[in-house]
Amino acid sequence: MENLFEDLINDGRIFANKEVLRPTYIPERFPHRWEQIKALADVLSAALKGETPSNILIFGKTGTGKTSTVKYVSKELEAMAQKTGAKCSILYINSEVFDTQYRVFAYLARVFNKRVPMIGWPTDMVYSEFKTGLDAEERCVIITLDEVDKLASKGDEALYNLSRINSELENARVSLIGISNDLTFTDLLDPRVKSSLGEEEIIFPPYNAEQLKDILYARAGTAFYADVLEYAVIPLCAALAASEHGDARRALDLLRLSGEIAERSGARTVTEEHVRQASEKLEMNRVTEVVKTLPLQSKIVLSSVYLLCKERNKRRFSSGEVYNMYHRVCNQLDMDPLTQRRVTDFVSELDILGLINAVIVSKGRYGRTKEISLSVPEECVQPVLQEDYKLKAIASIRVGKQTTF
DNA sequence: CTTCCACGGGAACACTGGGGTG
DNA sequence: CACCCCAGTGTTCCCGTGGAAG
């Protein structure tokens, strides 16, 4: 009798090092990003000469290498500072995690060994703790704010304070690097903050298929054993990812998943067919993952759209219809329905997530509505919604199916 | 030109969970 | 301990607005 794991280890003839395909892996070489790296290094080099670097704003869609590039340059800069003895450090803050003024300052204060609770104090107190901690010695501190648009959308006070903090410091100096995937987010800011933050701007354009191919080839060399990738695999991964946004993360995910599928099916090589399966599975995972993590009320709104599809046998509905159905569902679930205003917000969120499609149409004499339709297959959302035990009662809503031809 | 409707921005409010203070 | 202060979140309330049918 063979050991249960016999096959599983012997089949590992595909991946030599899967790690390099993960999105968190920071490579040593960045194909097609030399310009951006150079620009970033140029500005930041001031820190090594004892000057204060200009603030930088970095723009680019997801998967264009913004974060990896900044992290790579940071590492190099800190290494050089170590060598020359320059007092210079780089902090990285993901503003999606620390997404309010209070949380950012509390985190920063803690970095400088101040004891600050993550909730409870007045903000200006936290701010001054951070400031005294920072100012304790002469140094240059570069603060990287990733996803800075998330922070800006909740008021520009945090950015305002950070951008003018240098005038209140005796010893230390601060420069900022803001990373955003939204080109327009600066419109929300006070003009003074906007100009201070954007002293230098670096754009990361999306990759085209050719460039994605270079990236994939560069990593595939270490990720896979020789000759396991069929000729068309990488071009196909690149083409599929390029047709979306030129998202390198997606391209790498695709390649990794293709390999995993090949491995699991016991194949010796990765074929185009594996890539197609991976692509399908990736999209499926995306949808179910998003639906699963939706807040309850959003799920109910989504269910309402789904139920309307079932009941009416058509695709698009007015916001009024959706709200009525939402009401019915809430009654069925014995919950207090929210107002129409609130529900329109959920609809917009679902639209942004790509689960439904909503367009505003004007019906002239009969006012304005949003036309709402499901933009993912019904069979993708239905099982996931059903999983939520709070939504079980929905199953008992009768859908009067009328066949209209 | 009017008229109608929901859209969507913004203010106001309620509530939560933590802090400090007397 | 009771009490008030504070940031943050989710919600409701109010209201100006867009734009084609009538």
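Per chain, numbering begins at 1; letters A, B, ... match sequence-line order. Basis for what follows: all heavy atoms, side chains included, without hydrogens, waters or symmetry-related copies.
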Task: For Phe105(A), the option from Tyr127(A), Trp121(A), Phe112(A), Phe98(A) that meets ring-ring contact (aromatic ring centres under 6.0 Å, His included) - done: Tyr127(A)
- [ ] State whether a side-chain donor-acceptor pair under 3.5 Å links Tyr326(A) with Gln297(A).
- [x] yes
Open item on the list: It should be established whether Lys154(A) places a side-chain nitrogen or oxygen under 4.0 Å from OP1 or OP2 of nucleotide dA7(C).
Closed with: no
- [ ] Using the closest heavy atom to pick a nucleotide of DNA chain B for each, name whichever of Gly364(A) or Ile119(A) lands nearer the 5' end.
- [x] Gly364(A)
- [ ] Under the salt bridge (Lys or Arg N to Asp or Glu O under 4.0 Å) rule, collect the residues that match up with Glu28(A), sequence neighbours excluded.
- [x] Lys75(A)
Task: Phosphate OP1/OP2 of dG8(B) contacted by Lys370(A) side-chain N/O (<4.0 Å) - done: yes
Open item on the list: Walk me through whether Phe204(A) and Phe59(A) qualify under ring pair (Phe, Tyr, Trp, His ring centres under 6.0 Å).
Closed with: CA-CA 6 Å; Phe204(A) 282 61; Phe59(A) 293 107; over 10 Å; no
Task: All stems with DNA chain B, defined as three or more consecutive Watson-Crick or G-U pairs under 3.5 Å - done: B:3-22 with C:1-20
Task: N/O (side chain, Ser319(A)) to phosphate O (OP1/OP2, dA6(B)) under 4.0 Å - done: no
Open item on the list: Given dG8(C), dG20(B), dT9(C), identify the nucleotide with an atom nearest to the side chain of Asp99(A).
Closed with: dT9(C)
- [ ] Mind running a 4.0 Å heavy-atom check of residues 338-345 of chain A against DNA chain B and sending the residues that fall below it, in number order?
- [x] Arg341(A), Thr344(A)
Open item on the list: Can you tell me whether the side chain of Arg368(A) and the base of dC7(B) have a donor-acceptor pair closer than 3.5 Å?
Closed with: yes
